[in-house]
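Remarks on the structure that follows.
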Amino acid sequence: MTALQARLERVPGDWTTWNALGDAYLRQGVATADPGYYSRAEGAFARSLELRPEGNDGALTGQGALAGSRHDFGTALSLAQRALDINPYSAAALGVQVDALVELGRYEEAERALQRMLDVKPSTASLARASYYRELHGDIPGARLALEDALAFASVESDKLFALQYLGELAFAHGDPDAALQHYEAGLRLRPGDPALLAARAEARAAIGQVAGALEDYEASVARLPDPGHLAEYATVLAAAGRNEEAQQQHQTVRVVYRLLQEGGSVVDLELAHYEAGLGNGDAAVAAAQREYDRRVTVHTEDALAYALHVAGRDEEALPHALAAERLSSQNGAFAYHRGLIEAALGIPEARATLQRAVDINPYSVDGVAAAAALAAL
Amino acid sequence: MTRGRAAAVVATGAVLLLAAVPAAPASAHPLGNFTVNHADHLLFTPDAVLLTAVVDRAEIPTVQALQEVAPDGTPDADQLASAAADQCADLAGDLRLTVDGAPVAWTIRATDLETVPGAANLPTLRLACDLRAEVELSGPATVAFTDDHLDGPVGWREITADGDGVRLVDSPVPAESPTDQLRSYPEDLLSSPVDVRSFEVATEPGENTGSGGTVAPRSGDPFASAMAALDRRLQTMIGDGDLTPLVGGLALALAVLLGCGHALLPGHGKTVMAAYLAGRAGRPRDAVTVGATVTVTHTVGVLLLGAALSLSSALAGDQVLRWLGVVSGLLVAVIGAFMLRGALRSRAGGAASTDQLPEPALAAGVPALAGASRGPSVVVHDVPVPDGHGHGHGHGHGHGHGHGHGHGHGHGHGHGHGHEHGHEDEDGHGHGHGRGHGHEHSLGAWWSGVHQHGPGGHTHGPGRGGLVGMGVAGGLVPSPSALIVLVASIGLGRTVFGVLLVIAYGLGMAATLTAVGLALVGLRERLDHRLATRRAPALLGRVARSAPVVTASFVLLVGLALMARGVVLGA
C-alpha cells in the first residue's frame, strides 16, 4: 500500500494505481474493521473515474462492492453490469454481480453468473459464493465441500478466516456446535480478537451452555465492533443470565447503531425487521419488513415479512410468505420455525411436522430451542 | 435473532455494513461512528515531560460510555467531572514512559470531559488529560513512550512530540498534531489512517527543530546500480506531471547519458565490433559508421518493438527480445564464418580472393611472397599512408577477396574489402587475411586492414558492408531500458516525447560505441606504426599469420553462442 501511495504521489494521473489502491484500502478495511479505509477506498475509486471515465471497470467494480456493503443491491448490480460490459472476464465484477443477484432474489441468473465466475477464476471468493448458493438450495454437504475447497484455496489470512468462519457457521446452523467451535478456534488462533469470530464463538458457547464464556466473548466482540446483530444476541444472553440492566443498555446501543447506519445512508430494514420482531414490536417489524419487501423479493425478505406479520397477529397474511420463504428448500431452521409458528397459530396440523423439522435442523439455536418448546405446547 | 450465515454473507461480511461509507457528507467522525481516537502530545523540558492526552469517542462508544457515566440520561457537570477524573486515572495507568530504560511515574494535573454534538444528534465524548512526569533531561538520554489505553476499539492514534530546551534527535513522530488534537481529521487519500501507539527518541539539551529521517537504499555493483538509479530517474521524469521545457531538456540529456552508459555495459556486440574493427584495419570513418549503424538499428528496433508492444497485448516482449538476440547472434556468426573462410583461404595461399579481383589484386599472392622482406617495404609502405598501416587486412571476414575494388560493398557480407588497388605496394591487397603479405606487417598485418593508399582512397578496410553488418548485429537487440522509456511514454500519452528520448538514447549509444571504436582504431594504428618501424621476431610473424583465423573463429563462436543462448535460455 505504501508503494502504491508513493507511486501516486509521483504520478497522480495513474488511474490503474488509484484502482489498485482502492482495492487495497477495501481489503484493509475488511481486515481491520477500520472505517477510515472505506472512505479512502471510495475516494480512490472516485478519483480513478475522474481520471478515466470510460473503460474503467476496476473503479466501477469497487464502487459496486461499496454499494453492496450499504445494501444498495440495485446500484451494486448496475455497476457490476457496467463493469462486465467493459471486461467480461473480471472475477471481481462477477462476484459483485452474483451477490447482488442473490440479494435481489434473482436466483437463476445468479446461478449462471456464479458458474461463469467459477469458470473464470476458482478462488476463495467464488467458492464461498458457490457454497452459499448451495446452502440456499438445501445442499448442505455440497456447501461444506465448497467451503473446504475455499479454505484450501485460501492463501491470504483474511481469506482463511473467512472460510473458517463460514465453515463454523454452517456447522452450527445444522446442529453441530462442536465442529463449529473447532473452526472458530482455528480462526481465532490466526487472528485473536477478531470480532466476527468472537461473536460466532459466543453464540456456539451459549448454545451448549457455556454462558460465562459466551458473555465474555460477546463483550470483547462488541467492544471492538458494535455490530447490531451481535449486540442483540449479547442482550438476549444477558437477559437469560438475569443481567437485565445491562441487557437494556445493549438494546439502547443497538437502536443508536441502526439510527446512525440509516443516517449514513445504509439500508437496514431487513435487520430492523428481525430485531423488532424479536422484541415483539409487531407493527414496527411489519413496517420495516414491508419496506424491504417492496424493494426486493428474496427468500429472506419473505421470511422476515412472514414472521413480522405473525408477531403482529396477522397470521393469514403471513402464511403465503412463509411458504414462499421455503420455496428453495433451504433447510433453514429459522424459516421452518417461523412457518411452524404460523401454521400452529392457524391450527394447521402440518405445524407439528414443520416444527419438528426446525428442531431437527438445529436443536441448539435459539430458534431450535423455541421450536422444541412450541412443539411441546401443541 | 439467529445469525444465519445468510445474513452474514449478505452483508458481505457484517463488518462492511457497519463500516459502510456514509452516503451523506458531513459527520463528526469521518472515520466512523464506532471509533475511539487518541492523540498524545508530549513536550520535553529539561526537568519534566508534559503530556496532553486526548481521547475522542465517536457516537457509539459514547453511548456505551454514557451508560456508566450517566445511567439516567444526559450527564451533568458533576458526573462529567468525576468521570473525567476516573478516566484520566485509567489512562495514566496505561501509559508507560521510560528515560534510559527507567520507568517514570505520571501525576495528573488537570482533567476535562465534555460532550460534543455528533451525527444524528447524538453526542460524542472528548476527554482531555494533562499529565506531568518528573525527569532529568539536562544531558543526552533515550526516551520511550507507549500508550496502551483502550487498545481494542479501532481508531486514529497519533503521537506528537516537541521540546522546549530539549532537542529531539531524528524524531520518528511529528512535532505538531495533523488533526489539531482530534478536532479535524484529514481525508488524505494517499495516506493510511494513523496508528502510532509508541515511539522512542534520543534527546539532548538544545533547541528542537522539527523531525524527519529517511533511509537510503544500498546496492551492489556501483556502476550498474548508478545506471539503474538513472533509469528510474528518467522513468520518473516521463511521468512527471509538469513537463516544462526545462524538465524535457533535462530528460533528453539524461537519455543521452543513459545511452552512453548502457553502451558501456556488456552487450551490443562491442567485443565483436572491436575484433572486427581491429582485425579489419578499421579507420576512424569506419568506427563512426559502425556507431551510426548501431544507433539507427537500435532506435528503429526500439520504436518498432515499442509500438508493437503498446498496440498488441498478445505480443510477449521477452520472447521478441529473445528471438532478436538469436537473429543478432546469427548475423554475427555469419560474419564470423565469412571471416574464417577468408582467413583460412588466404592462409592456404593466396587464391583467396579470386572473385572480382581487379588486376592489382591478382598480384596478391605474389606480393605475399615478395613481401618476405621486411623493413624497406614497410617503410615504403608507410610513407604514402599517413596513418601508416600496412595493409593487409587480413582478417577479412571472409569475403575472401578482398579486393575488389570498391571496397566495400560488394558482397553481401559486406566487408568489403575492397582494398583498393592502388597501392603501390606490393601487397596490394592481399588482404585476405593478412598473413602479412609478406610485408612486414606481420603483426601489423593482422591489425590492420586499411590501405589507405591512394588518394582515391579506397580505403579498404572493413568494407562498409561489413561495418553495417556489425552495426546491425550490435543494434538489433533493443535495450530494455530504452524500451521501457518508450512504452511508458506511450502509455502516459506522451508518445512524441518518448520517441525523442529514444533517439537521444541512441545518440548516446552511438557516441560511446564510436568512441570505443575510434579508440581501438587509434590504438591499433599506433601499434602498427611502432611495429612497422621495427623488426619483429619470427614468432610474432607466426602469431600474426594465425591471428586472423583466431579472430575470425572468435567472432564465429561468439555469434554461435549468442544464438544458442537465445534459443536455449529464453525458452
Side-chain angles (χ1 to χ4, degrees), chain A residues 1 5 8-13 29-30 32-40 42-44 47 65-66 68-71 99 103 132 135 166 169-170 173 196 203 220 223-227 229 232-233 249 252-253 256-257 259-261 263-266 274-275 278 300 332-334 365-367, chain B residues 1-24 27 29-35 58-64 67-68 71 118-122 150 152-156 185 187-195 236 238-241 492-493:
Chain A
M1 234 175 7
Q5 289 162 349
L8 282 169
E9 301 219 359
R10 290 197 316 267
V11 190
V30 172
T32 61
D34 186 340
Y37 286 111
Y38 289 104
S39 53
R40 282 174 170 76
E42 191 170 61
R47 181 75 59 88
L66 285 167
S69 76
R70 276 193 222 108
H71 291 187
D99 291 340
E103 295 314 323
Y132 179 47
E135 191 192 3
Y166 290 125
E169 298 199 6
L170 186 65
E203 186 186 24
R224 263 216 97 188
L225 182 68
D227 175 272
E233 291 171 21
Q249 285 173 346
Q252 203 182 359
T253 313
V256 166
V257 173
R259 191 164 132 205
L260 282 166
L261 284 168
E263 285 259 333
S266 295
H274 279 297
Y275 180 65
H300 297 95
N332 184 317
S365 68
V366 174
D367 289 338
Chain B
M1 166 181 122
T2 57
R3 188 177 27 125
R5 206 152 67 93
V9 175
V10 160
T12 324
V15 174
L16 277 187
L17 170 60
L18 205 54
V21 179
S27 157
H29 284 92
L31 288 193
N33 305 118
F34 60 93
T35 53
E59 290 80 354
I60 298 173
T62 300
V63 165
Q64 292 168 319
Q67 285 164 354
E68 286 187 28
N121 289 327
L122 292 162
L150 293 179
V154 172
W156 182 281
Y185 295 91
E187 262 298 310
D188 179 8
L189 291 177
L190 289 184
S191 67
S192 304
V194 171
D195 187 358
T236 312
I238 300 171
D240 218 327
L492 288 168

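All chains are named by letter (A, B, ...) in the order of the sequence lines, taking the proteins before the strands, and each is independently numbered beginning at 1.
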Subject >> Atom pair CG (L260(A)) and CD (E59(B)), whose distance is rounded to the nearest 0.5 Å >> reply: 5.5 Å

Subject >> Backbone of G152(B) reached by a side-chain donor or acceptor of R224(A) within 3.5 Å >> reply: yes

Original post:
Stepwise, does the side-chain contact (heavy atoms from CB on, under 4.5 Å) test hold for Q64(B) with V256(A)?
Top reply: CA-CA 10 Å; Q64(B) 292 168 319; V256(A) 166; over 6 Å; no

**OP:** Measure across P153(B) and A223(A) and return the closest heavy-atom pair with its distance rounded to 0.1 Å.
**Re:** CG-O, 3.7 Å

Original post:
If you round to the nearest 0.5 Å, how far is CD of E263(A) from CG of L122(B)?
Top reply: 8.0 Å

**OP:** Please name the pair of heavy atoms, one in Q67(B) and one in Q249(A), separated by the smallest distance, quoted to 0.1 Å.
**Re:** NE2-O, 2.7 Å

Original post:
Got a second to check how far F34(B)'s CZ is from T253(A)'s OG1, nearest 0.5 Å?
Top reply: 14.5 Å

Original post:
What's the spacing between L225(A) CG and I60(B) CD1 if we round to 0.5 Å?
Top reply: 9.0 Å

